[in-house]
There are 2 protein chains.
Amino acid sequence: MDDINRIVAVNLKKIREKNKLSLENLSELTGVSKSMLGQIERGESNPTLQTIWKIATGLKISLTSLIVSTKPEAEIINKSNISPIVEDEGRFRIYPMFPFDYEKRFEVLNIELDPGAASYSEPHDENTEEHVLVQEGEFTIKINGDTYRVKAGDAIRYRADKDHAYYNLSDKLTKISMVIYYPNIIIKE
Amino acid sequence: MDDINRIVAVNLKKIREKNKLSLENLSELTGVSKSMLGQIERGESNPTLQTIWKIATGLKISLTSLIVSTKPEAEIINKSNISPIVEDEGRFRIYPMFPFDYEKRFEVLNIELDPGAASYSEPHDENTEEHVLVQEGEFTIKINGDTYRVKAGDAIRYRADKDHAYYNLSDKLTKISMVIYYPNIIIKE
DNA sequence: AGATGATGAACAATATAACGCACAATTTGA
DNA sequence: TCAAATTGTGCGTTATATTGTTCATCATCT
């Protein structure tokens with residue numbers, strides 16, 4: 001079950017109990033069956049936009065208030081809880097430590113490259129920038145035909161709106177951290 | 001198809017075209033199949049919260065920006081486009097002319113009561129207020145045992161957090177307009 | 001204690017969201 | 001001018017959202 005559904009689960013339950021409503025009351029108020037409401041509160045369902053909308057308007061609250069999550073002051077992210085995105089047959093493993101947040105407009109990844117690992121990346125949107133800290137081993141990147149080798153302890157920053165490729169040309173494991181900044185390309189209206 | 005889905009339909013299409021993305025591009029970006037994206041843009045589908053979430057994060061925009069609708073400066077609401085809520089076997093017809101909006105916190109209804117029509121209403125939340133303008137005929141309301149008769153041209157306001165019942169005790173059609181104000185009962189956290 | 005009513009969870013049935021594939025229309029480009 | 005690629009739509013299939021109903025648990029009377 002997805003992250004977003006957990007959020008609405010706890011929010012909805014909190015709001016319902018705050019207002020001393022039973023599932024049946026809420027059902028009459030929103031026009032959504034109480035079984036569905038129960039499943040949503042338990043995080044067992046992936047509701048439809050229409051359903052979420054009916055719940056929000058039935059409760060006379062904004063849809064946004066169902067999907068906001070009040071983040072704790074501090075929180076620990078365990079690597080073991082993060083499912084990595086793998087490329088190059090498992091030799092290239094991306095751990096999204098701090099996923100993209102449209103307000104902060106950046107994300108933070110840890111990446112492991114086995115010896116010989118290679119990964120190619122399509123150009124991102126204009127002015128997207130990647131910041132790489134090499135933690136262990138040696139990191140090689142090719143941008144627009146130019147090749148850069150970066151050693152442990154060093155760092156590199158580059159615009160990612162061109163084709164680029166990552167390599168670990170050494171014979172031992174390479175670990176890097178990457179901060180990607182995405183400018184807000186959507187121009188409203 | 002519901003209102004909210006039309007909104008995301010036009011918003012999504014606008015954003016996609018603004019960024020010069022094909023359905024296939026957007027599909028790769030979001031992990032949602034292009035057939036689904038096409039259906040959403042055409043308003044033919046009622047997407048899942050998970051899907052909307054994937055689209056928003058894939059585009060690096062807030063989920064809110066997909067569900068906001070920039071209302072036109074002015075707009076005409078046709079009675080014929082509104083499907084009434086009927087009670088008392090069709091003798092009591094409610095037309096939601098301006099549906100509830102959580103920002104404005106009120107809604108505006110037109111109600112028609114055939115001769116002899118009666119409708120009972122559960123108590124609303126505390127401090128909810130109803131404002132009635134009698135346009136035609138005669139309107140009778142019973143609140144907490146007290147009975148009020150209101151004639152055309154007159155008006156009545158009352159707290160709706162008690163049991164109350166509406167009647168048309170006359171022998172001709174009665175038309176009223178009702179403005180219901182809902183205080184914000186949800187206390188965050 | 002036992003009956004009654006209310007509440008949330010479990011189950012079965014149906015409607016439909018979501019996907020992969022194929023097709024038609026349009027654009028590209030040589 | 002004709003292939004080749006790209007784009008959006010349509011269709012069949014699968015997974016699952018949503019509903020109505022049943023069931024277990026608990027509180028409240030008499």
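Note: hydrogens, waters and symmetry copies are ignored here, and every other heavy atom, side chains too, is used. Chain letters run A, B, ... following the sequence lines, proteins first, then strands; residues in each count from 1. Quick caveat, the model's predicted, so the values are computed rather than measured.
- When each of C:dC19, D:dA17, C:dG8 is scored by its nearest atom to the side-chain atoms of B:Met36, the top-ranked nucleotide is C:dC19.
- Residue-level contact check: A:Gln39 touches the bases, meaning some heavy atom is under 4.0 Å from a base atom.
- When the P atom of C:dC11 is taken as reference, atom NZ of A:Lys34 falls 16 Å away, rounded to whole Å.
- The nucleotide whose nearest atom lies closest to any side-chain atom of B:Ser22 is, among D:dT7, C:dA18, D:dT18, D:dT7.
- Residue B:Arg16 places its side chain closer to D:dG8 than to any other of C:dA17, C:dT7, D:dG8.
- At whole-Å resolution of the value, CG in B:Leu37 and P in D:dT6 are 19 Å apart.
- Residue contacts for A:Ser35: at a heavy-atom cut-off of 4.0 Å it reaches a base atom on one of the strands shown.
- Partner A:Glu138 forms a side chain to side chain donor-acceptor pair (under 3.5 Å) with one of A:Arg149, A:Lys172, A:Lys151 and no other, that one being A:Arg149.
- Taking only side-chain atoms of A:Arg42, from C-beta outward, the nucleotide of C:dA17, C:dT7, C:dA9 with the closest atom is C:dA9.
- Within 3.5 Å, no donor on the side chain of A:Ser33 pairs with an acceptor on the base of D:dG20, nor the reverse.
- Between the side chain of B:Asp101 and the backbone N or O of B:Glu103, at least one donor-acceptor pair lies under 3.5 Å.
- Nearest nucleotide to the side chain of B:Leu23, out of D:dA17, D:dG8, C:dA18: D:dG8.
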